[in-house]
Structure formats: C-alpha cells, structure tokens
Amino acid sequence: MTFTFQVPTALEYFESLVRSDDHFPLLEAAASLAQDEYPELDVQQVLGDVDQLLARLKRRLPADAAPLARLRALNQFFFNDLNFGGNVNDYYDPDNSYLNAVLRTRRGIPISLAVLWMELAQGLGLQARGIGFPGHFMLKVTLPKGQVVIDPFTGKSLSREELGERLEPYKRSNGLVGDFDVPLGLYLQPASSREIISRMLRNLKEVHRAQEDWQRAIAVQDRLIALLPSAWGEYRDRGIAHAEQGNTTLAVRDLEVYLTNAEDALDIDAIAERVAALRRTANG
C-alpha cells in the first residue's frame, strides 16, 4: 500500500491555526504571516528562537522574583540589552510585520514588537495583554498594585494623562468629545488573539494597497477571509484587488459575495456598477 502525504499550503496551515478561539496559538499564527513573503520559512524555528530568548531571560531572575522585578528585567532585556524598538526609518516596510525579520533586525511596528514581548512576559508568568489602542497598539500588564500600560515601540510606560493626550486627535476626528466622550478605560480593553492577527494583516493590506501591489494584497486578503469569514468588506476588497490584477472571474465572485451579504452598506450601488462593468469586459 502506498501512502501519500501532501504538505499543506501556507494558507491551509494558517487556516488550521486560526480555526478555533480555544488555545489560539498567537505567536505561531503571527509568525506564519511571513510565509507568503518567505516561502521557505520554518515557523517552528521562529518559535524556537523566541524560546531561546525566554530561557536567557529566565536565567537572570530568581524563581521567586516579584512581578514588578520580572517586568523590569523583561524591559531591560528586550528594549535595552537586545535593543528591540520601532523602525522609525522605514515604518511601512512589510518586514516590520514579519516576526522572523523583526527578530533578525530588532526593528518592527508596535504590534509585531508587542507579540514578541507578550510571549516573553507570559513565559515569565506576567499577566500581559495587548490593547487595540486607536492608531498605536499598546501593552498592558496587571501587577498586584495596579496596571502598567507600555508603548511597545519605545518601551516607555505611559500615564493616564499621556494616554489621554494620545487619544485626543482620534476623539476629535471621530466626534467623541463633549457629551459623546467615553472613559479612557474603554480604550484599554484587551485585544483577543484573533483581533491581534487581524490588525497585523490589515496593516500589511494597507501597505500593499498603497504600493498597488495587488498580488501581495490578495495573499493578505486570503488570510483575512480565513480568519474572519463573515467580514464581508474583506471580500469586497479582495474582489477589487482581483479586478486590478485582471482576475475578472474571481473579482466578480468576491464582489457578488459582498453584495449578497452587506445589504445595508453605503457602497452597494457603486460595487454593483463595478460588477456590471466587469461582466461587460468579460463578455467582450
């Protein structure tokens, strides 16, 4: 009897990781995003590299170190000794979202740095979570005497006043002032692993769309739809990318899914016109 074993594609592997919210492997799912750009990437090697960093860090601490001492040791190790930080020179480089590249260069964007930092923090037994703060991903650590909010781009702890200042432009642009203002705590809710991966993918999506790199944009959209199968706007955006790439049949299919499910969307008429134009083009 002959057995055949088919290696899953990068997308199939990703789908298997994000299928359920139970035991969602955040670090592995985040590391796997780079496989579209680095097809030969060994994701398990990336996980092993992070495990090695954690082992180095643990050797610095006594087993009974207090939470605050663990947090200080982590920040010293991550931001000072290893020199992880924000890529201020090339913020929109896609490599800033790929954990294998961030581990190599020690440079990233807030959310990719946060994913690595959180893995180390949780390995030390700290209660650390990511925060989907508007415009800039943050970290939150719960200590016996309160919470600490950290900017993963710089490693700096932020006061309530500093967080409030950072929120002001967002609040003004969205009309969340005066009677419509909401407490700061609502902006500091922890992000789920699925929300973190979707934010990482949407960062990549915007980079590729800005560069009109439709092939890479489609690969990211494939992952977003696997992650969020009911996010109908992602079908629309993938359909538009397919249309730009000249994949008319695939474009029409995605845009029709959007039209069927997003009935109250403001752009329904415009998308319907786009579908009609694509059909005319296909029929020549």
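All values derive from a computational prediction rather than experimental measurement. What you see below is based on every heavy atom in this structure, not just the backbone, and it leaves out hydrogens, waters and symmetry mates.
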| Expected output: side-chain Gln215 to main-chain Gln245 donor-acceptor under 3.5 Å | no

Note to self: Please evaluate residues Phe153 and Tyr91 with respect to the criterion ring-ring contact (aromatic ring centres under 6.0 Å, His included), reporting the C-alpha separation (whole Å), side-chain torsions for both, the decisive distance (0.1 Å), and the verdict.
What the structure shows: CA-CA 11 Å; Phe153 205 66; Tyr91 191 88; 5.8 Å; yes

| Tyr235 side chain to Ser230 main-chain N or O, any donor-acceptor pair under 3.5 Å? | no

Tell me whether Asn247 contacts the main-chain N or O of Ala243 through its side chain, where contact means a donor paired with an acceptor under 3.5 Å. no

Taken to the nearest 0.5 Å, the spacing of Gln147 CD from Leu188 CG works out to 7.5 Å

How about Asp95 and Tyr38: does a side-chain donor come under 3.5 Å of a side-chain acceptor?
yes

| query | Under the 3.5 angstrom rule, does the side chain of Arg106 hit a backbone N or O of Leu82 as a donor-acceptor pair? | reply | yes

Contacts of Asp90 meeting side chain to side chain contact (heavy atoms under 4.5 Å, CB included) (sequence neighbours excluded), chain-then-number -> Asn87, Asp93

Taken to the nearest 0.5 Å, the spacing of Leu71 CG from Gln127 CD works out to 12.0 Å

Notebook entry, point to check: Are side-chain N/O atoms of Tyr13 and Glu28 paired as donor and acceptor at under 3.5 Å?
Noted result: yes

* Kindly indicate, with the supporting measurements, whether the criterion salt bridge (Lys or Arg N to Asp or Glu O under 4.0 Å) is fulfilled by Asp254 and Arg238. => CA-CA 7 Å; Asp254 274 344; Arg238 185 173 69 176; 2.6 Å; yes

The side chain to side chain contact (heavy atoms under 4.5 Å, CB included) partner of Phe24 among Ile196, Leu17, Ile197 is Ile197

Here the gap from Glu234 atom CD to Ser198 atom OG, rounded to the nearest 0.5 Å, amounts to 8.5 Å

| Backbone N/O of Ala128 and side chain of Gln122: donor-acceptor pair under 3.5 Å | yes

Note to self: Is there a side chain to side chain contact (heavy atoms under 4.5 Å, CB included) between Trp117 and Asn75? Walk through the geometry before answering.
What the structure shows: CA-CA 9 Å; Trp117 188 97; Asn75 282 342; 2.9 Å; yes

Open item on the list: Keeping Thr105 on the side-chain end and Ala101 on the backbone end, is there a donor-acceptor pair under 3.5 Å?
Closed with: yes

Exercise. Do side-chain atoms of Arg209 reach the backbone of Ala217 as a donor and acceptor pair under 3.5 angstrom?
Worked result: no

NE2 (His242) and CD1 (Ile218) are apart, to the nearest 0.5 Å, by 4.5 Å

Side-chain contact, heavy-atom cut-off 4.5 Å: Met138 with Leu158?
yes

- Query: For the residue pair Phe84 and Phe78, does the interplanar ring angle fall in the parallel (under 30°), tilted (30 to 60°) or perpendicular (over 60°) class?
  - Reply: parallel

When rounded to the nearest 0.5 Å, the distance separating CG of Leu278 from CG of Leu255 is 6.5 Å

### Query
Would a 4.5 Å heavy-atom cut-off, applied to side chains only, mark Ile131 and Gln189 as touching?
no

For this session: Give the intermediate values and the outcome of side chain to side chain contact (heavy atoms under 4.5 Å, CB included) for residues Glu168 and Glu165.
Result: CA-CA 5 Å; Glu168 277 307 310; Glu165 288 173 9; 5.5 Å; no

So Val115 and Met200, do their side chains get closer than 4.5 Å, heavy atoms only?
yes

* Examine distances only and state if a side-chain atom of Glu263 and a backbone atom of Leu259 form a donor-acceptor pair shorter than 3.5 Å. => no

Output for pair (Glu206 CD, Leu201 CG), nearest 0.5 Å, gives 12.0 Å

Short side-chain donor-acceptor distance under 3.5 Å, His208 and Asp213 = no

- Item | 4.5 Å side-chain heavy-atom contact, Met118 and Pro152 | no

